[in-house]
Amino acid sequence: MTQIRVRMAPSPTGLLHMGTARTALFNILFAESQKGDFVLRVEDTDRTRSTKESEQNILRGLDWLGLMNNIEGIQTDGSEKGDFGPYRQTERLDRYNTYVEKLLESGAAYYCYMNEEELNQERAEQEAAGLPPRYTGKHRNLTENQKAEYEAEGRKPVIRFRVPENRILTYTDMIRGEISQDLSLIGDFVIIKSDGQPLYNIANVIDDNEMNISHVIRGEDHVPNTPKQILLYEALGLEIPKFGHMSLILNTDRSKMSKRSTDAADIFWLKEQGYLPEAIINMMALLGWNPGDGTTQEFFSLDQLKQLFKIERAHKAGAVFDIERLDYFNTHYIKQKSVQQLTDLCIPFLLKAGNIEQNRDEFVNPFTRETLDISTIETVVGHLQTKISKLKDITKEVNYVFRPEHEYRTELFLNEKMGITEESAKETLQWVSGVISNIQDMSYQGIKDTLVQEIKGAGYKNGQILWPLRYALTGEQFSMGAIEMIEILGKDQSIEKINKAIRFLSN
Ligand code: GLU
């Protein structure tokens, strides 16, 4: 069997779109399942729209997702690896000429001198006649004299490919089955612009051929290009790769997912919200694929996917992206982290939100400027691990934790059902402050055991004590529990806060 080689060929013209990332993922999974190679090539021939910044974005994004390991072609740092380079189209421009010469010689391609105005007029006439717009082939058979006249006028020609009129082109798509295209509906398409630059279809075909690409797996939006590319392969006498077109990613209202319709289309936006790469990979794999066999398994690591993936299980129906499902996966992968790992992941978010600050290699409480031990931050993160669905959520929760002063509201200390009044709250806070000062073991369990035992011993109900205590320590209507807060704050700060609350209630 010939070596299986697939590629992803992004155009660096914008952000790393989820569709692009999923194309990379499916290609990598297919390559792995076939013991094949995955190549990353950059299609940067559109010089007005391509930017280095976008290329770097795409590379960094794919790397963050874990999709740049051991690949051929462009590497994360922009360097190249592999025997089929260069892997940037702009560095391959001189290669295309020989192929185009061949097409011109055989008559499969020709010079077209029509200018914008003439083409617009042709289009307007077709529209007026209710016909779909397409190039009608006016310059298909120019004589040498006619060409010379146009040249003398200073017109710069494009090169068009001569599309056969009476043919239905059919190919078998790995995902969508048989696809047919009536070629009479396709006009002769431009392969070389008037400035000599190759366009996507020709460059893509030549590069895929020169890089020995055996299978082209890409988005459904490229289905209209495939017949044109097959015609080019045929005209050049080159072997045609197999094609597989993945379903589009849709929003929940079934509109096409785009950066304009949702921020979530941008992988870096997802990163900024604190979605984990594992969650995004898991979710993307299930956008248009499932393992079959009646399995109900939902969570798949990249390594598991590499074992299980079969292209035949890719669906052709549109794949709906639902951010709630991504939240579900993310919650799962957040829970899987050790507290240390999760803390490391959360720290950039805490710093960015100003919840904590950094002073050389120390973290500081931005309100008090006191040093914050990493263990304190870990305790905070540990208590919130099961309460967040994305890393950024932690910044909302943490804001009150490091705040030494709170703007209390009397009614939030009270609870009619538990019989807590202003007077009783003051009393119980005073009492519990004494209990806290005597706790020996300041671990979560130690604090809990002492409090529960003392509360019981004194004949109180848990709520009577913990309700006002939690509010005294957090100043928030909704927050983590009192015991967690005591563990984070330690004895002195907890007692200090309780005293402030008592003073507030006494005024
Ligand atoms: N440069 C094209 C794109 O980004 C590649 C399409 C293909 O895979 O053939 O859509």
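All ligand and atom numbering here is 1-based and tracks the order in the structure.
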Item to check | Stepwise side chain to side chain contact (heavy atoms under 4.5 Å, CB included) test for I334 and I388 | outcome: CA-CA 8 Å; I334 285 178; I388 57 172; 4.2 Å; yes
Checklist entry - Does the salt bridge (Lys or Arg N to Asp or Glu O under 4.0 Å) test come out yes or no for E149 and K147, once each step is laid out? => result CA-CA 5 Å; E149 271 172 39; K147 283 189 205 165; over 6 Å; no
Show the atom names and distances, to 0.1 Å, of all donor-acceptor pairs under 3.5 Å that link a side chain in residues 268-281 to residues at least two apart or in another chain.
from : atom 1 : to   : atom 2 : distance (Å)
Y275 : OH     : D327 : OD1    : 2.6
E278 : OE2    : K337 : NZ     : 2.6

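Checked against a 3.5 angstrom limit, the closest N/O atoms of N204 and ligand 1 fall inside it.
Here the protein heavy atom with the shortest distance to atom 5 (C) of ligand 1 is A9 O, 3.1 Å. The nearest heavy-atom contact from the protein to atom 8 (O) of ligand 1 is R7 NH1, 2.8 Å.
Compare M8, H222, R218 by their heavy atoms: the one nearest to atom 3 (C) of ligand 1 is in H222.
Of all the atoms in ligand 1, the ones that sit under 4.0 Å from a non-hydrogen atom of P10 are 4 (O). Taking every non-hydrogen atom of E43 and a distance limit under 4.0 Å, the qualifying atoms of ligand 1 come out as 1 (N), 2 (C), 5 (C). The Y200 neighbourhood of ligand 1 comprises atoms 2 (C), 5 (C), 6 (C), 7 (C), 9 (O), with distances under 4.0 Å to a heavy atom of that residue.
Counting only distance, with no hydrogens or angles, the side chain of R167 and the backbone of L183 share no donor-acceptor pair below 3.5 Å.
Residues meeting the side chain to side chain contact (heavy atoms under 4.5 Å, CB included) test with E125, sequence neighbours left out: Q121.
No more than 12 heavy atoms of other residues, nucleotides or ligands lie within 6.0 Å of NZ in K352, so this atom counts as exposed by the packing criterion.
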